[in-house]
2 protein chains.
Amino acid sequence: MRAQRPNSREKILAAAADVARESGPGSLSLEAVASRAGVSKGGLLYNFPTKAKLMQGLVEGYLRDFEQALETANGNDGGANPLAVYIKLSANDCEEKQPSASWIFSAIAEDPDFMTPIKTFKQQLFERLKGETNDLKSLLVCYVAIEGLRSMNLFDSGVLSKDERELLVASLLEIAGSPDAEQASGMQS
Amino acid sequence: MRAQRPNSREKILAAAADVARESGPGSLSLEAVASRAGVSKGGLLYNFPTKAKLMQGLVEGYLRDFEQALETANGNDGGANPLAVYIKLSANDCEEKQPSASWIFSAIAEDPDFMTPIKTFKQQLFERLKGETNDLKSLLVCYVAIEGLRSMNLFDSGVLSKDERELLVASLLEIAGSPDAEQASGMQS
DNA sequence: TTGACAAGACCGTCCAGACGGTACAGTAAA
DNA sequence: TTTACTGTACCGTCTGGACGGTCTTGTCAA
């Protein structure tokens, strides 16, 4: 890969996310993104030759960031319960006021296939958690609950108060950590 | 032949849902819906004067059906645990192969405000469940988990196998069904 | 019973505008 | 000179929506 100015790419990606969040997922036009990023339409098309590539960039950046955050969180927590780490990380993500990934709706509207990388990522994550958690029931409940929390954040549904969210996370951590002794290295698949 | 006066509306609504599911949420055009419903574009515009009205019809129908299903389910179950009833009902919904409400993405793309009726509905539902459930922790976990299940169904993510789904639902019912057990320790076997 | 007529339900066509994308000439820095 | 853009002009396609016309049904006077 050539050494390019990463500045524009990132700015464009951020601008796209902003536009999607503020103007609605259906109003994500190239012109809007370009103007928001402080870049001409030609410049945008220079970085992302097509709208699909823009979306792909959004997805890849999201996945990259997520994976990285998860890795460092796991590293910081030593060999502790990976499910608990995932719960905490996700809860933190959902604590943000702005739905961080509402551009996803734009991507889906553009082409549902943009979801496949995210789907496989989640699948792998779930499989990994299955290998690292000894109680399937707890894992299922926690994983799906986190998925629910993420979805509620994405849809910006304000059903849960802050207290309730905290109580929920505490309960989930309890569920994740309660079965017998938490052992980090159980069976691997 | 009788003029299928109210019939057309339903047919159009169903066609819209089908088109959204099959052609992708971004390809929900009036022409596609009309042809799918076996109706001309003019006929469609007669029933729904604008695309926004179509979406509104979709939302209202969805909410109406949901409410009705919940009511009858609650009626059939006597005065039993409403949370358990909600869990069962939602699990059944998610058992369907086709994401029943993928038109939601179309609606969001069109205008995010279409979500507000759904949001307030969910809010009311949650408040009602809060009033009818004595253990807030169990309610939180179950409600969010169901939300997660719904979201996974909506995004058509095939992470959970059928067995896992069933195990999950059983676990949730277990959590929901301990009416007097305070301090959510109901997860252990 | 019949014929006229109004209203409702639906069809087919047309159009302005927006959008994604292309082409290309210019430019400033490294 | 090359790289990395900017800016403008433009094209083809698609879409929502308007509009006028058509067919069907119900009503009612004669």
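As the structure is a prediction and not an experimental result, all values here were calculated from the model. Every chain is numbered from 1 and lettered A, B, ... according to where its sequence line falls, protein lines coming before strand lines.
Under the 3.5 Å distance criterion, the side-chain polar atoms of Glu31(A) are left unmatched by any main-chain donor or acceptor of Lys41(A).
The side chain to side chain contact (heavy atoms under 4.5 Å, CB included) check on Pro117(B) picks up Val59(B), Leu63(B), with sequence neighbours excluded.
An OP1 or OP2 oxygen of dA4(D) is reached within less than 4.0 angstrom by a side-chain nitrogen or oxygen of Tyr46(A). When the side-chain nitrogen and oxygen atoms of Asn47(A) are compared with OP1 and OP2 of dA4(D), none of them lie within a distance under 4.0 Å.
The aromatic ring centres of Phe155(A) and Phe105(A) sit less than 6.0 Å apart.
The aromatic rings of Tyr143(A) and Phe126(A) sit tilted relative to each other, their planes meeting at an angle between 30° and 60°.
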Its contact letters, B for base, S for sugar-phosphate only and - for none at protein heavy atoms under 4.0 Å, make nucleotides 8-20 of chain D read -------SBB---
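For the pair Leu44(A) CG and dC19(C) P, the computed distance is 14 Å after rounding to whole Å.
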Can you list the steps and then say if Lys137(A) with Leu167(B) is a side-chain contact (heavy atoms from CB on, under 4.5 Å)?
CA-CA 7 Å; Lys137(A) 285 166 88 176; Leu167(B) 182 56; 3.7 Å; yes
